[in-house]
Amino acid sequence: MLQLSPEQRLLLIGNAVSFAAALFTLASAWSRERGRIYLFQTGQCLLLALANVFFASLSGVTTFVLCAARNYLLARDRFTPRLCVFFAAAVTAVGLAANNRGLVGLLPVVTTVIYTVACLYVRRTRAVKCNIIVNLVLWAVYDVFILDLVSCAVDGVGALAAFLSLFRKAPEDAEAAGDP
């Protein structure tokens, strides 16, 4: 029987949790309604925070917990400029303090701050999708470094799904064109 080291077991568990988060990632990338996009991302972030416990990435855990709170506020249209500053500052401070991975541990912090600031300004579905694409590509780079192979694959597929969904008619585009 194959004997796994404790580190290998943790990597397998982390990847299994990431697989569950993948369902939320893909749903978010494909969704056409802004509120639902951010609700799916809330679930995704909570599961990825748990996965990062197994990957021993404290900056990932703290970043994803803050992201879940931010995404919930975005889904409920309660994300204000003041909250944007708070979340950007909190992610930076907590992420830097919790960083136990050197330069790799800075990727979640930088990626999240970029995404958080963009979330304040993007309102239309297509702009939200572009923000998601940039975010997922940056997270895929991080995933490679921490060996979260499931999330890397899912983030790549999610970025592709978000890109392809740009060519679908978004609800606000139908309204602007006068369609019911």
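For Arg9, the CZ atom sits in a packed shell: over 12 heavy atoms of surrounding residues, nucleotides or ligands are nearer than 6.0 Å.
The heavy-atom pair separating Ala22 from Val154 by the smallest distance is CB-CG2, 3.1 Å. Nearest approach of Asn100 to Ala56, heavy atoms of both residues: ND2-O, 2.9 Å. Taking both residues in full, the closest heavy atoms of Asp143 and Cys152 are given as OD2-N, 3.3 Å, listed atom of the first, atom of the second, then distance. Residues Ala88 and Val113 share a closest heavy-atom pair of O-CG2, 3.8 Å. Taking each heavy atom of Val61 and Ala49 in turn, the nearest pair found is CG2-O, 3.4 Å. Among all heavy-atom pairs drawn from Thr63 and Pro108, the shortest one is CG2-O, 3.6 Å.
Rounded to the nearest 0.5 angstrom, Arg76 CZ and Tyr38 OH are separated by 14.0 Å. How far CZ of Phe40 is from CG of Asn71: 13.0 Å, rounded to the nearest 0.5 Å. Note: Ile133 CD1 to Asp155 CG = 12.5 Å, rounded to the nearest 0.5 Å. Separating the OG1 atom in Thr116 from the CG atom in Leu66 is a distance of 8.5 Å, to the nearest 0.5 Å. One finds the CZ atom of Arg36 at 10.5 Å from the OG atom of Ser28 (value rounded to the nearest 0.5 Å). A distance of 10.5 Å separates CZ of Phe79 from CZ of Phe86, quoted to the nearest 0.5 Å.
Between the side chains of Ser151 and Tyr142, not a single donor N or O lies within less than 3.5 Å of an accepting N or O. For the residue pair Tyr115 and Gln41, a side-chain donor N or O sits within less than 3.5 Å of a side-chain acceptor on the partner. No side-chain N or O of Ser165 forms a donor-acceptor pair with one of Arg32 less than 3.5 Å apart.
The side-chain contact (heavy atoms from CB on, under 4.5 Å) test with Asn15 singles out one residue from Asp148, Leu147, Leu10, and that residue is Asp148.
Within the 4.5 Å cutoff, the side chain of Leu12 has heavy atoms near those of the Leu4 side chain. A heavy-atom distance below 4.5 Å is found between the side chains of Ile146 and Asn52. Here the side chains of Leu39 and Glu33 are not in contact, with every heavy-atom distance at 4.5 Å or above. Between Asn131 and Cys119, some side-chain heavy-atom pair lies under the 4.5 Å cut-off. Residues Arg34 and Leu74 have side chains in contact (heavy-atom distance under 4.5 Å, counting atoms from C-beta outward). Looking at heavy atoms from C-beta onward, Arg101 lies out of side-chain contact with Leu107 at the 4.5 angstrom threshold. Using a 4.5 Å heavy-atom cutoff, the side chains of Leu83 and Leu73 are in contact. Under the 4.5 Å side-chain criterion, counting only non-hydrogen atoms from C-beta, Leu48 is in contact with Gln44.
Residues Val122 and Tyr72 do not share a hydrophobic cluster, defined by chaining ILVMFWY side chains whose heavy atoms lie under 4.5 Å apart. Put simply, Leu103 and Leu58 are part of two different groups of oily side chains (I, L, V, M, F, W, Y) that touch within less than 4.5 Å, one to the next. Connection of Phe145 to Leu11 is established within a shared hydrophobic cluster, with ILVMFWY side chains joined at heavy-atom distances below 4.5 Å, either directly or through further cluster members. Taking hydrophobic clusters as Ile, Leu, Val, Met, Phe, Trp and Tyr residues chained together by side-chain heavy-atom distances below 4.5 Å, Phe24 shares a cluster with Leu50. A continuous path of hydrophobic side-chain contacts links Phe54 to Leu47 [ILVMFWY only; heavy atoms under 4.5 Å].
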For this session: Start with the C-alpha distance between Val128 and Ile37, add both sets of side-chain angles, then the distance that settles side-chain contact (heavy atoms from CB on, under 4.5 Å), and finish with yes or no.
Result: CA-CA 9 Å; Val128 170; Ile37 289 169; 4.1 Å; yes

For this session: Test Thr25 against Leu136 for side-chain contact (heavy atoms from CB on, under 4.5 Å), laying out the working first.
Result: CA-CA 9 Å; Thr25 304; Leu136 288 174; 3.9 Å; yes

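Taking the six-membered ring where the residue is Trp, Phe64 and Trp139 present parallel rings, their angle staying beneath 30° rather than reaching 60°.
Looking only at distances, a side-chain donor or acceptor of Lys129 sits under 3.5 Å from a matching main-chain atom of Ala29. In terms of modelled atom types and a separation under 3.5 Å, the side chain of Ser18 and the main chain of Gly14 share a donor-acceptor contact. No donor-acceptor pair under 3.5 Å is formed between the side chain of Ser57 and the backbone N or O of Val53.
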